[in-house]
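So the structure is just underneath, and the comments pick up after that.
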Amino acid sequence: MSQFRPLAGVLRGSGLWMLGRTGPGRQVFNPHRGCSSRATQPSPSALSSSYVEEMYYSWLEDPKNVHESWDAYFRNAQASSPAAEAEERRPSTLLQGRALSQTPAMSQKVVEDHLAVHNLIRAYQIRGHHVAQLDPLGILTADVDSFVPSDLITTIDKLGFYGLDESDLDKTFQLPSTTFIGGQQTTLPLREIIRRLETSYCGHIGVEFMFINNVEQCQWIRQKFESPGIMKFTEKEKRTLLARLVRSTRFEDFLARKWSSEKRFGLEGCEVLIPALKMIIDKSSAAGIESVIMGMPHRGRLNVLANVVRKDLDQIFCQFDPKLEAADEGSGDVKYHLGMYHERINRETDKDITLSLMANPSHLEAVDPVVQGKTKAEQFYRGDTEGKKVMSILMHGDAAFAGQGVVYETFHLSELPSYTTQGTIHVVVNNQIGFTTDPRMARSSPYPTDVARVVNAPIFHVNADDPEAVMHVCRVAAEWRSTFNKDVVIDLVCYRRFGHNEMDEPMFTQPLMYKQIRKQEHVLKKYADKLISEGVVTLQEFEEEVAKYDKICEEAYTSSKDEKILHIRHWLDSPWPNFFTIEGEPKRMSYPPTGLNEEVLKHIGKTASSVPLQDFSIHSGLSRILRGRSDMISKRTVDWALAEYMAFGSLLKDEIHVRLSGQDVERGTFSHRHHVLHDQEVDKRFCVPMNHLWPDQAPYTVCNSSLSEYGVLGFELGFAMANPNALVCWEAQFGDFHNTAQCIIDQFISSGQAKWVRNNGIVLLLPHGMEGMGPEHSSARPERFLQMSKDDPDRYPEFTGDFEVQQLFDCNWIVVNCSTPANYFHVLRRQILLPFRKPLIIFTPKSLLRLPEARSSFDEMTTETKFRRIIPDEGSASKNPSKVKRVIFCTGKVYYELAKERKQLKLEDVVAIVRLEQISPFPFDLIKAEVEKHPNAELIWCQEEHKNMGYYDYVRPRFLTVLSNKKPIWYVGRDPAAAPATGNKFTHLAELKRFMDTAFDLSAFEGRSF
Ligand SMILES: Cc1ncc(C[n+]2csc(CCOP(=O)(O)OP(=O)(O)O)c2C)c(N)n1
Ligand SMILES: [Mg+2]
């Protein structure tokens, strides 16, 4: 496969296309035909009328004002109509009417030429980027399509496309209002028009923006790239740029020298990324930004940490020391994954700025929504509703940006009211390769950046070997973000000087590209030569700058040798001031009871069953639901929806922000929640009663999300990172769907603390239950969460102090399946009352939402009550436990089926049912007590899920540990299966009956060995 494509650059080099430029091999045109500068050009939308009008009025003033052909035209028109009428009539009418037929050929040509020039200008604005010289290597076009648009003047004969020819080049044309190439001038000769368009659109910057359906925004961009001289830099700016390039380049060189056999995913070939980010930050700081949250992949990460975030160099260098022992719990995730947070003064603006680089897994682009969520949260807690103080920057690789679906999901959050971060600046390190794969094998879109077009984000492609061009687009991108609060993409077209990592041989797969790369002069050298030749710096000054930075590196290297211990905690991207002790420990190892004063319960219940706004008409069905709630409150009971209301509302009272996000969460998938009331008479009038509980309460955010799991869960995880004093919940529509967000669950939620020493208290609400609905919509896959729980199945934990809290502190996440609304209420409150944060996975019910038996009394929620990790049998079996023959342990909804069956069979004295509410960490202590309480009973684990799913594989070894392997725990439930549930209702019920029969067949396990 050839990597060479016919390029605009190549065409240019052949000398076929030049228009009025001089240089070797370039053809210079001499104008043969003069053209009056008096001709004018109308606006695009109304060319024929306004143009002729303008001409006409000019002509009325003085016939010499216009070209002689127009003079002839208007004389003709006047001669053929009554004088008075000619005075009054508008010229456009003349053109359209009788006069039109009399237009002389020459006049017609002038109109057509103007139209042509106008079209030509537009063609450059739309398609100029296709021929821009974006590739520093000059061998590939940065876009996969190698086509050269037929309407760009890349060769002389292209003028014919517009009905123009060489002789028109020195004619002067009126510039339309949709271009700024004229600066103060309103007319320009065609030759100059083309030259300026070439400069704006076909140089080292390719601006892709004309798809944006907003005229104001398009005009803004045109102005930023077309205005003559706009890309100029002062000498000071050039020197700063050079100094930043020195740092970026010499940092990589230093690492390469000191650790030649270490992977570092160097930035060589895109060193300009560092000055680019710094320019974005400088400009944003000048515009008022105080906090920048960044996400990035492996490439150049160390350089960004060192030279943008300004992590101490010795801290970076000591990461390369394999002997260094970790001082804290972090699993020492490799250096190009750890995050960082740093407050500093921006030297250019002299203003404080906080920079954080989020820790991320290897999974490319997974961090994107997380960064957005954290940014949104910081904006929210600062009251920065317009994103004037906090912003995000996301960096991407070209292959990942095009290939990873989460990029698209994240873009789709960018303009949603509850998810927008008011514009993200995306920077793509487009080295035209992904590991070993060429772009043409890696994507079907012309550019890696096309995904951004869905949100009308402008895309600035730029040749990374032209540092000033890069600085210009960065400047414009920052201004765009602060002007329009919308996303923007910078596509840094560069190359990768070495292999994917430093150990990799790229010549195996990209031989021609790498032959060229070997010849490629370093950008630092090219730019330094340029500035030296311009007289901006001297060679000596440049060399001193290099030596100065090399010395800084050497000194840091020396002091890094003094580091004896690696503190992962020093790499925290989201510190929570005052939440932990200075040493980063919880302030206490206990939590207060989660119950509430009954008055508070009643107050919340009252709001939950009313409409707090006047003259607000709600749906009659909803009125019924609210009446039902009111009824429950008067009877001192709650269902699931009310329990959730009580939990959220009470946290709001304590100034804990609550955020609930997910698909259709406002009403609730099962139409049980109704947290947003809609006026039936007034469009878009709605009310969130939860925000009307107390005057000084925290705000409640409930938001229906886009139909995304990966993106939205990532976003909420990021949101939860910003502030420990917030309850952030993500609800899956059905638990099944969480698996499209598996990467966030595996890489961040389950293992985030272990890798990056940061707590996160996100809550996942996953509707789960076998209700005959078929293989989909049934299982939230508890087995997966439990498999990733880290509590040791074979070791009985010996905790001192509060067993429950110690165990929670020790785990990686909490997995619960509550069987009562009260317990759901408590576990939500416990999440915030704990002195640390752990992710909480809750399998939530479907049919139980409305099951009359599944209601809780206020008595289970009032002061001194708390979350119950297990709910022991409280019926007649509990009166005389030694008589109990069988204890059935279960979790969730199946409890109600078991209890009903037991009642029907009148086995309440001899069969106890114990509910495991907190499955993980496993309540060893309480299970032990239950086992000891029923010495004569055989033990059963009963679940409605198939045997290879659900909880069995998790609970079995733990039960056996409690039992010291001396007694069995028998399995009762569905047989192993591939699909989570049958799609056949009859089979579903038959399966249920079968395992219910076994559960209460007291001789079922007689004589069996274990
Ligand atoms: C989701 C995911 N899939 C695969 C990989 C393995 N991988 C690591 S880097 C890489 C190539 C990335 O190419 P690109 O995005 O262009 O970045 P570059 O390395 O060129 O800077 C791949 C496939 C990964 N890290 N994450
Ligand atoms: Mg790449």
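Every number for a ligand or one of its atoms is a count from 1 in the order of the listing. Atom set for the values below is all heavy atoms of this structure, side chains included, hydrogens, waters and symmetry mates excluded.
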Do the ring planes of [X] and [Y] sit parallel (below 30°), tilted (30 to 60°) or perpendicular (above 60°)?
{"X": "F317", "Y": "F251", "answer": "parallel"}
{"X": "H298", "Y": "F265", "answer": "perpendicular"}
{"X": "H396", "Y": "F401", "answer": "tilted"}
{"X": "F209", "Y": "Y201", "answer": "parallel"}
{"X": "F737", "Y": "F734", "answer": "perpendicular"}

Check: Taking just the N, O or S atoms of D398, which one is nearest to the Mg ion (ligand 2)?
Finding: OD1
Next item on the list: Could you tell me which atoms of ligand 1, counted from 1 in the order shown, lie closer than 4.0 angstrom to a heavy atom of A399?
Entry: 13 (O), 14 (P), 15 (O), 16 (O)
Margin query: At less than 4.0 angstrom from any non-hydrogen atom of R299, what atoms of ligand 1 do you find?
Written below: 18 (P), 19 (O), 21 (O)
Check: For the Mg ion (ligand 2), does an N/O/S atom of N430 lie at less than 2.8 Å?
Finding: no
Note to self: Is G397 close enough to the Mg ion (ligand 2) that one of its N, O or S atoms comes in under 2.8 Å?
What the structure shows: no
Under 3.5 Å, is there a donor-acceptor pair between the [X] and [Y] side chains?
{"X": "Q663", "Y": "E709", "value": "yes"}
{"X": "H337", "Y": "S362", "value": "yes"}
{"X": "Y419", "Y": "S706", "value": "no"}

Margin query: Any nitrogen or oxygen of G434, side chain or backbone, less than 3.5 Å from one on ligand 1?
Written below: no
Checklist line | Any N/O pair V429/ligand 1 closer than 3.5 Å | finding: no
Note to self: Can you tell me which portion of Q404 lies within the under-4.0 Å heavy-atom range of ligand 1? Options are side chain, backbone, both, or neither.
What the structure shows: side chain
Next item on the list: Report the part of E365 in contact with ligand 1, treating N, CA, C, O as backbone and CB onward as side chain, heavy atoms under 4.0 Å; options are side chain, backbone, both, neither.
Entry: neither
Margin query: Which option wins on minimum heavy-atom distance to atom 15 (O) of ligand 1: A366, C494, P297, A400?
Written below: A400
Notebook entry, point to check: Where the closest heavy atom to atom 24 (C) of ligand 1 is concerned, which of S362, P439, C270 has it?
Noted result: S362
Margin query: Can you check the angle at the Mg ion (ligand 2) formed by OD1 of N431 and O of I433? Round it to the nearest 10°.
Written below: 90°
Item checked: Ion pair E468/K530, N-O distance below 4.0 Å -> yes
Notebook entry, point to check: Looking at D504 and R496, does any basic side-chain N land under 4.0 Å from a carboxylate oxygen?
Noted result: no
Notebook entry, point to check: Is there at least one protein heavy-atom neighbour under 4.0 Å from atom 1 (C) of ligand 1?
Noted result: yes
Note to self: Would you say atom 12 (C) of ligand 1 makes contact with the protein, given that contact here means a non-hydrogen protein atom less than 4.0 Å away?
What the structure shows: yes
Would you say [X] contacts ligand 1, with heavy atoms under 4.0 Å as the rule?
{"X": "H298", "result": "yes"}
{"X": "H363", "result": "yes"}
{"X": "N431", "result": "yes"}

